[in-house]
Every structure is written in C-alpha cells, then in structure tokens.
Engineer: 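Questions regarding the structure given below will be posed in turn.
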Amino acid sequence: GAVVSQHPSRVICKSGTSVKIECRSLDFQATTMFWYRQFPKKSLMLMATSNEGSKATYEQGVEKDKFLINHASLTLSTLTVTSAHPEDSSFYICSARDAGGGFHSPLHFGNGTRLTVT
Amino acid sequence: SQKIEQNSEALNIQEGKTATLTCNYTNYSPAYLQWYRQDPGRGPVFLLLIRENEKEKRKERLKVTFDTTLKQSLFHITASQPADSATYLCALPMNRDDKIIFGKGTRLHILP
C-alpha cells in the first residue's frame with residue numbers, strides 16, 4: 001500500500017529556533033500534500049495545502065511566515081516552524097494523495113511529528 | 001462552512017457486539033465521505049469511502065451508510081474485537097473541493 005514517511009517523529013527544540021519536518025511519499029507521486037495539526041483529544045486541523053511546484057495555500061488563521069511549506073518534488077514536502085514558541089508545541093501530521101487517484105482517493109498519512117518547544 | 005459532528009467522544013462496546021459510530025454534517029451534502037482509524041501517536045489510516053450516490057458500503061467486518069437526507073453517516077464494526085479499539089474519524093471534503101476536514105473522532109473501546 002501507499003506509504004508516507006514523516007521525519008522526525010519527535011523533536012524538542014528551544015524557543016526561538018526553527019524546526020523542519022519532512023514528508024515523503026515513498027511509492028507514489030503526490031502533486032498535493034496536506035499538513036494538519038492535532039491537539040490532544042482534538043480533531044485534525046488543516047493548516048495548509050502543499051502544491052508541487054507552486055505556493056502553498058494556507059487556511060484562515062495560519063501564519064504563512066510562521067509555517068513555511070516547500071513542495072519541491074512530487075514526493076517531498078517540508079514544513080518549517082520558524083521561531084518556534086511553546087504554543088507551537090503540538091502533533092503535526094502530513095498526508096498525501098496519489099496523483100493518479102482522483103480527488104475521491106483517500107489520504108495517506110505519515111505517523112506525525114511530536115514537536116515540543118521549551 | 002461545513003461542520004462535522006461525531007456525537008460520541010468515547011464508546012465502550014462488549015467484544016463480539018456491533019459497534020455503531022455516528023457522523024453528522026451540518027451544511028451541504030458532500031460528494032463523498034471517508035472513515036479513518038487513528039491509533040495513539042500515529043497518523044490516521046484510511047478505512048472506507050462512500051460516495052453521495054451510494055447508500056451502503058462494506059469491507060469485511062466494516063459497514064458504512066450514507067443518508068444525505070439526514071446528513072448522516074453510520075459506521076459499523078460487527079463482531080468487534082479488542083484490536084478494534086482506536087479512534088475513528090469521519091472526514092469529508094470542504095466546500096466540495098479537494099481539501100479534507102475531519103470530525104473530532106470517537107474513541108472506541110472494545111471490552112474483552
């Protein structure tokens with residue numbers, strides 16, 4: 001089945017530093033990847049849609065300069081949390097849809113990154 | 001905008017019984033609806049998709065229904081097992097485009 005690899009799985013960083021999270025589709029090409037954030041016992045909140053070769057589109061309330069997204073190839077999207085603060089601590093999950101699957105096709109998720117900002 | 005309500009935050013079901021989870025949406029009827037399973041500390045895993053013109057979809061012990069009049073989908077697990085314990089998420093497209101939004105999920109506990 002389709003596999004999405006997300007790294008790192010856990011990261012602890014100091015306030016004010018930046019953290020990069022990678023999301024790779026291993027056996028399929030993804031023109032679109034989605035980044036979600038999840039708080040404990042809460043729903044997945046869509047942060048942004050990452051489009052290969054073009055700018056990401058951000059959901060309302062998500063700061064594009066804070067959460068930098070780059071989708072440089074059909075198999076890789078990165079999310080960089082810039083100047084991280086403790087309130088950025090959360091579980092970040094990426095997902096990808098097979099480019100050949102159509103818009104009904106399911107999302108394939110990475111296993112998430114637990115970010116802790118101290 | 002579309003809102004998704006999964007009415008039970010947690011559900012305890014005796015092993016062997018059928019677990020039924022509910023998903024309601026508030027606005028337009030989506031072109032399709034999906035169900036995912038999420039285990040603690042992991043990303044969601046896709047289970048089933050049902051399209052707006054389908055009433056029911058089955059996969060092994062899983063069954064999903066879709067009632068566009070009631071704006072509701074039901075997710076059933078028959079002959080439930082402790083290994084079915086997880087959080088189940090209902091998902092559908094936002095504004096009929098390709099962005100997917102998720103409900104809060106229902107934490108299902110199958111009691112041995």
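Residue numbers start from 1 in every chain, and the chains themselves are labelled A, B, ... in the order their sequence lines are given, proteins ahead of strands. Atom set for the values below is all heavy atoms of this structure, side chains included, hydrogens, waters and symmetry mates excluded.
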Engineer: Are A:L76 and A:L79 joined in one hydrophobic group, where the rule is that I, L, V, M, F, W and Y side chains link up if heavy atoms are under 4.5 Å apart?
Structural biologist: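 No, because A:L76 and A:L79 fall into different hydrophobic clusters, even though each may have its own neighbours under 4.5 Å.
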
Engineer: Counting heavy atoms not belonging to B:K57, are there more than 12 under 6.0 Å from its NZ?
Structural biologist: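 Buried by this count: over 12 neighbours within 6.0 Å.
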
Engineer: Hey, is CD on B:E9 packed in by over 12 heavy atoms from elsewhere, all under 6.0 Å?
Structural biologist: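 Check fails, neighbour count at 12 or below.
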
Engineer: For B:Q38, which atoms come within 4.5 Å of any heavy atom of chain A: side chain, backbone, both, or neither?
Structural biologist: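 Just its side chain gets close to chain A.
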
Engineer: Would a hydrophobic clustering, with Ile, Leu, Val, Met, Phe, Trp and Tyr connected at side-chain separations under 4.5 Å, put B:L74 with B:Y32?
Structural biologist: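 No, B:L74 and B:Y32 fall in different hydrophobic clusters.
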
Engineer: So B:Y36 and A:Y36, ring-ring contact (aromatic ring centres under 6.0 Å, His included) or not? Walk me through it.
Structural biologist: CA-CA 15 Å; B:Y36 290 77; A:Y36 291 85; 9.3 Å; no

Engineer: Return yes when atom CG of A:L26 has more than 12 non-hydrogen atoms of other residues, nucleotides or ligands closer than 6.0 Å, and no otherwise.
Structural biologist: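 Check passes, neighbour count above 12.
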
Engineer: Among the clusters formed by ILVMFWY side chains lying less than 4.5 Å apart, do A:W35 and B:I101 turn up in the same one?
Structural biologist: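 Different clusters: A:W35 never reaches B:I101 through Ile, Leu, Val, Met, Phe, Trp or Tyr contacts under 4.5 Å.
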
Engineer: Which heavy-atom pair separates A:F91 from B:R42 by the least distance, and what is that distance?
Structural biologist: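 Distance-wise, the nearest heavy atoms are CE2-O, 4.0 Å.
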
Engineer: Does A:K66, at its NZ atom, have more than 12 non-hydrogen atoms belonging to other residues, nucleotides or ligands within less than 6.0 Å?
Structural biologist: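 Enclosed: over 12 neighbouring heavy atoms sit under 6.0 Å from NZ of A:K66.
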
Engineer: Ignoring hydrogens, what is the shortest heavy-atom contact between B:F46 and A:L107? Give both atom names and the distance.
Structural biologist: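 Scanning both residues, the minimum pair turns out to be CB-O, 4.2 Å.
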
Engineer: Can you see which heavy atom on A:I93 is nearest to which on B:P44, and at what distance?
Structural biologist: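 Heavy atoms only, the tightest pair is CD1-CD, 4.2 Å.
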
Engineer: Answer yes or no: are there more than 12 heavy-atom neighbours, outside B:Q14 itself, under 6.0 Å from its atom CD?
Structural biologist: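 More than 12 heavy atoms, drawn from other residues, nucleotides or ligands, come within 6.0 Å of this atom.
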
Engineer: Indicate, with yes or no, if B:L48 and B:L21 share a hydrophobic cluster defined by side-chain heavy-atom contacts under 4.5 Å among Ile, Leu, Val, Met, Phe, Trp and Tyr.
Structural biologist: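 Cluster IDs for B:L21 and B:L48 match.
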
Engineer: Starting at CD of A:E59, measure out to CE of B:M94 and round the result to the nearest 0.5 Å.
Structural biologist: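 Taking CD in A:E59 and CE in B:M94, the distance rounds to 4.5 Å.
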
Engineer: Taking the six-membered ring for Trp, are B:F102 and A:F109 ring centroids under 6.0 Å apart?
Structural biologist: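 Under 6.0 Å, so yes.
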
Engineer: With a 4.5 Å heavy-atom cut-off (strictly below), which parts of residues 44-53 of chain A touch chain B? List them by number.
Structural biologist: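 Checking residues 44-53 of chain A against chain B gives A:L44, A:L46, A:T49.
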
Engineer: What are the two closest heavy atoms between B:G103 and A:S43, and how far apart are they?
Structural biologist: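 Smallest interatomic distance, heavy atoms only, reads O-OG, 2.9 Å.
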
Engineer: Run the side chain to side chain contact (heavy atoms under 4.5 Å, CB included) test on A:H108 and B:V45 for me, step by step, so that the C-alpha distance in whole Å, both residues' side-chain angles and the decisive distance to 0.1 Å come before the verdict.
Structural biologist: CA-CA 7 Å; A:H108 305 290; B:V45 174; over 6 Å; no

Engineer: Does atom NZ (B:K71) have a neighbourhood of more than 12 heavy atoms from anything else shown, all under 6.0 Å?
Structural biologist: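 Yes - once you tally the heavy atoms of other residues, nucleotides and ligands closer than 6.0 Å, there are more than 12.
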
Engineer: So for A:Q6, is it side chain, backbone, both, or neither that comes closer than 4.5 Å to the heavy atoms of chain B?
Structural biologist: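 Interface part for A:Q6: neither.
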
Engineer: Are more than 12 heavy atoms, taken from residues, nucleotides or ligands other than B:R61, located less than 6.0 Å from that residue's CZ atom?
Structural biologist: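 Yes, enclosed.
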
Engineer: What part of B:L89 lies closer than 4.5 angstrom to a heavy atom of chain A: side chain, backbone, both or neither?
Structural biologist: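 Side chain of B:L89 only, per the 4.5 Å heavy-atom cut-off to chain A.
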
